Engineer: 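Here it is, the structure in full.
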Amino acid sequence: MESKLQPQVRVRFAPSPTGHPHLGNIRTALFNWLFARHHGGKFILRIEDTDIARKVEGAVDVILDSLRWLGLDWDEGPYFQSQRLYYYHEISNSLLKDGYAYLCYCSPQRLEAMRQEQMKRKQPPKYDGHCRYLTQQGKTQLEASGIVPVVRFKMPLEGETTFHDVIRGQLTFQNSTLDDFILLKSDGYPTYHLANVVDDHLMAISHILRADEWLPSVPRHVLLYQSLNWEPPQFAHLPMILGPDRSKLSKRHGATTAIEYKEQGYLPEAMINFLALLGWSLDDRTELLSREELIKHFSLGRISKTAAIFDKRKLEWMNGVYLRRLSPEEFARQSAPFLDRDLPPKVKRPLDTDYVCRITPLLQERAKTLAEVPQLADFFFLDELPYDTSLLLSGGLDATQAIKIALQRLEVVKTWDAGSLEGILRPLATELKLTTGKFFGLLRVAITGRTAAPPLFQTMAVLGKERCLKRLSTALGKLATPTIINY
RNA sequence: GCCCCCAUCGUCUAGUGGACUAGGACGUCAGCCUUUCAAGCUGAAGACAGGGGUUCGAAUUCCCUUGGGGGCACCA
C-alpha cells in the first residue's frame with residue numbers, strides 16, 4: 001500500500017525541439033513514464049524551447065507523434081518554456097537582487113577570444129569573471145553604452161558541492177572547477193540551467209530521470225537551488241545509449257530517430273520492450289515483458305550504471321517475436337499499409353484485401369519487420385517474375401520434362417488447395433524419380449521466381465490455378481530459349 | 001588541457017564476499033526437423049581489462065594503471 005503521506009511522484013520528459021527525438025531521448029521518456037505509472041504518479045511533458053536559433057520547424061509534432069506511437073501518454077503539458085519567460089525573469093531578478101547573480105556585458109567576441117587563448121595554453125575553458133569584478137564606474141559606463149547584458153550566476157570560488165544520485169550514489173564536485181554560467185541570455189530567454197531549475201521547482205517535480213550527459217551540470221543546479229532556498233528533486237542519471245562505435249548516438253549511426261522505426265515496420269510493443277532492457281533488467285532471464293509487466297516491475301534500483309550499445313539485431317529478433325505473436329488478422333491489418341507503400345508501382349492499387357489476408361499468414365513467421373513484408377510478398381502481386389532461367393536448371397534435372405508433366409497433371413485439378421496439390425505433386429516426384437527437394441525446388445522457382453519462398457503448396461493455393469498454370473508455361477517458354485539474355 | 005562517470009561473453013545483461021565449473025538473451029557455429037526459406041528444438045564456442053591490497057575466501061570491497069564514455073557555449 002502506498003502511503004498517502006508520501007509526496008506524489010511527478011516526473012517529466014523535457015526534450016528540446018532542436019531535432020527529432022532519437023532512441024536515447026525516447027528511452028529516457030520511457031523510464032520516466034514507467035516510473036510514473038509504477039508509482040501512480042504524474043508524467044509531465046515539457047518542451048524546452050529556449051533556443052530560438054536552433055529551433056527546428058515541426059520538431060514538436062515529431063516529439064508528440066513519437067510518444068503517441070509508443071503509447072507514452074502524458075498527464076500534464078505539453079508546457080512550453082517559451083511561454084513562461086515571466087517566471088525566469090522573475091527568478092533571475094531575485095537572484096540579482098540577492099547578490100547570487102550579476103550582469104555581464106562581455107561580447108561574444110571577447111568570450112570566444114578568451115576561450116581560444118585558454119585552449120592554446122591548455123587551460124580549461126572557463127569564464128574569467130571579468131564583469132563580476134566591475135567597478136561601479138565601469139558598470140555605469142557599460143549600462144549607458146546600450147549593450148544588453150546577460151545574467152550570470154556568481155559561482156562560489158571555493159568549497160565543494162555534494163549531492164546524491166539515486167543510481168550513482170554520493171557525488172562531490174569542487175566549486176573552483178565551475179565557472180559563472182549564464183542564467184539569462186541577452187535575447188531574454190533563459191539558459192537550460194535556469195529554466196530547468198525554475199520549472200522543476202514550479203512544477204513540483206519529485207525525480208529527475210535523465211541521461212548521464214547531464215551529470216556534470218548537476219552541481220550548478222544544486223547551487224542554484226540553494227541560492228533560491230529550494231529543495232532539489234531526487235536525481236537519477238541514466239546510462240547513455242551509444243552507437244555501435246561506442247559514441248553518442250547521432251545521424252552517423254543510421255536510423256536513430258524513434259519515429260523512423262515506425263516507418264521501418266517495428267511494433268511499438270517490441271520497441272518498448274527492447275528499450276526497457278537497455279539499462280534496466282528484471283532478473284537474470286526475463287527478456288519478454290509486456291507493457292503492464294514493465295510498469296509492475298520497474299524500479300530505479302535495477303537500472304544499471306553502464307552505457308549500453310544499441311544492437312539493432314536484437315531489436316529485429318524481438319520485433320519478429322512480437323510479429324509472430326500477432327493474430328493472423330492483426331498481422332494482415334498491420335501489413336497492409338506497408339504493402340501499399342512499398343510494393344512496386346506497377347502493382348494495381350487499391351490492393352485486394354481478401355487476397356492480402358490470404359497471403360500474409362504465409363509471411364508472418366518470416367518477417368522480422370513489417371517493412372520486409374512487401375519484399376517477401378511481391379511475387380504474389382507481380383504478373384511477370386524477373387528471375388534468371390539458370391535457376392530452373394540448377395537442379396541438374398530435366399526441367400522442361402518435369403514442368404511439362406506437372407502442368408499436364410495440374411491442368412485437370414478441380415479442387416485447388418494445398419492438400420490436393422500435395423496429393424498430386426508428391427507422388428509425381430516419386431514417379432519422375434526426383435527428390436522432393438529438387439522437384440519442388442524447381443516448381444518453386446517457376447511459381448515464385450525465387451529459391452526461398454513460403455511453402456510451395458500453400459503458395460500455389462493462394463495464387464490460384466490460373467496464375468500457377470500461366471507461370472509454369474512461362475517457365476517452359478524460358479527453358480525453350482535459354483540463350484536469350486535480357487540486358 | 002581540466003572535471004565527471006563507467007568497466008562481466010562481439011552485443012544486452014544476471015551477479016550486492018562463500019550457492020560461480022560465472023547464469024540468461026541476441027548474434028555466431030553445428031545438428032535435428034523439413035519441399036526451399038523462416039520458425040521451432042538440441043548442442044557448442046564465447047566474459048569477470050591489468051596490477052596491487054583487505055579477507056580464511058573476491059566478479060562482488062579499497063587503491064593504482066589502462067581502456068571507454070560524457071561534460072567544459074548568450075546549445076540543450
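This one's a predicted model, so the numbers in the text were calculated from it and none came from an experiment. Chain letters run A, B, ... following the sequence lines, proteins first and then strands; every chain starts at 1.
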Engineer: Can a side-chain donor-acceptor contact be found between A/Asp245 and A/His253 if the only test is distance below 3.5 angstrom?
Structural biologist: yes

Engineer: Does A/Lys314 have a side-chain nitrogen or oxygen under 4.0 Å from the phosphate oxygens OP1 or OP2 of B/U13?
Structural biologist: no

Engineer: With a 6.0 Å cut-off (strictly less than), is the heavy-atom count around NZ of A/Lys185, excluding the residue itself, greater than 12?
Structural biologist: yes

Engineer: Work out how far the P atom of B/A76 is from that of B/C63, and round it to whole angstrom.
Structural biologist: 36 Å

Engineer: Please tell me which of the listed nucleotides, B/U35, B/A76, B/C6, lies nearest to the side chain of A/Thr436?
Structural biologist: B/U35

Engineer: Taking only the side-chain nitrogens and oxygens of A/Arg54, find out if one of them lies under 4.0 Å from OP1 or OP2 of B/A76.
Structural biologist: no

Engineer: Please report the distance separating the C1' of B/A58 from the corresponding atom of B/G71, rounded so that it comes out in whole Å.
Structural biologist: 34 Å

Engineer: In whole Å, measure the gap between the P atoms of B/C37 and B/C32 for me.
Structural biologist: 13 Å

Engineer: So what does A/Pro15 hit on the nucleic acid, given a heavy-atom distance under 4.0 Å: a base, only sugar-phosphate, or nothing?
Structural biologist: nothing

Engineer: Taking all non-hydrogen atoms of both residues into account, name the closest pair between A/Ser217 and A/His193 and its distance.
Structural biologist: CB-CE1, 3.7 Å

Engineer: Write down the distance separating the P atoms in B/A7 and B/A14, rounded off to the nearest Å.
Structural biologist: 11 Å

Engineer: Whether A/Lys312 contacts B/C12 is assessed here as follows: a side-chain N or O lying under 4.0 Å from the phosphate OP1 or OP2. Is that the case?
Structural biologist: no

Engineer: Can you tell whether the side chains of A/Glu293 and A/Lys296 come within less than 4.0 Å, N to carboxylate O?
Structural biologist: no

Engineer: Determine the contact category for A/Gly279: base if any of its heavy atoms lies under 4.0 Å from a base atom, sugar-phosphate if only primed atoms, P, OP1 or OP2 are that close, otherwise nothing.
Structural biologist: sugar-phosphate

Engineer: Confirm from the modelled atom types if A/Arg366 and B/C37 form a donor-acceptor pair under 3.5 Å, side chain to base only.
Structural biologist: yes

Engineer: Taking the nucleotide of RNA chain B with the closest heavy atom to each, which residue, A/His193 or A/Phe440, is nearer the 5' end?
Structural biologist: A/Phe440

Engineer: Could you tell me whether A/Arg121 and A/Glu117 have a side-chain N and a carboxylate O separated by less than 4.0 Å?
Structural biologist: yes

Engineer: Return the nearest nucleotide to the side chain of A/Leu215; candidates are B/C26, B/C5, B/A76.
Structural biologist: B/C5

Engineer: Where do A/Asn273 and A/Leu294 come nearest, in terms of heavy atoms and distance?
Structural biologist: CA-CD1, 4.3 Å

Engineer: Each nucleotide N or O in nucleotides 68-72 of chain B that has a protein N or O under 3.5 Å away: list the pair and distance.
Structural biologist:
unit_1: B/G68; atom_1: O2'; unit_2: A/Arg246; atom_2: NE; d: 3.1
unit_1: B/G70; atom_1: OP1; unit_2: A/Lys248; atom_2: N; d: 2.8
unit_1: B/G71; atom_1: OP1; unit_2: A/Lys248; atom_2: NZ; d: 2.5
unit_1: B/C72; atom_1: O2'; unit_2: A/Pro125; atom_2: O; d: 3.0

Engineer: Look at the aromatic rings of A/Tyr225 and A/Phe235 and report parallel, tilted or perpendicular, splitting at 30° and 60°.
Structural biologist: perpendicular

Engineer: Would you say B/A76 has OP1 or OP2 under 4.0 Å from some side-chain N or O of A/Thr50?
Structural biologist: yes

Engineer: Determine the Euclidean distance between corresponding C1' atoms of B/G27 and B/U65; express it in Å to zero decimal places.
Structural biologist: 33 Å

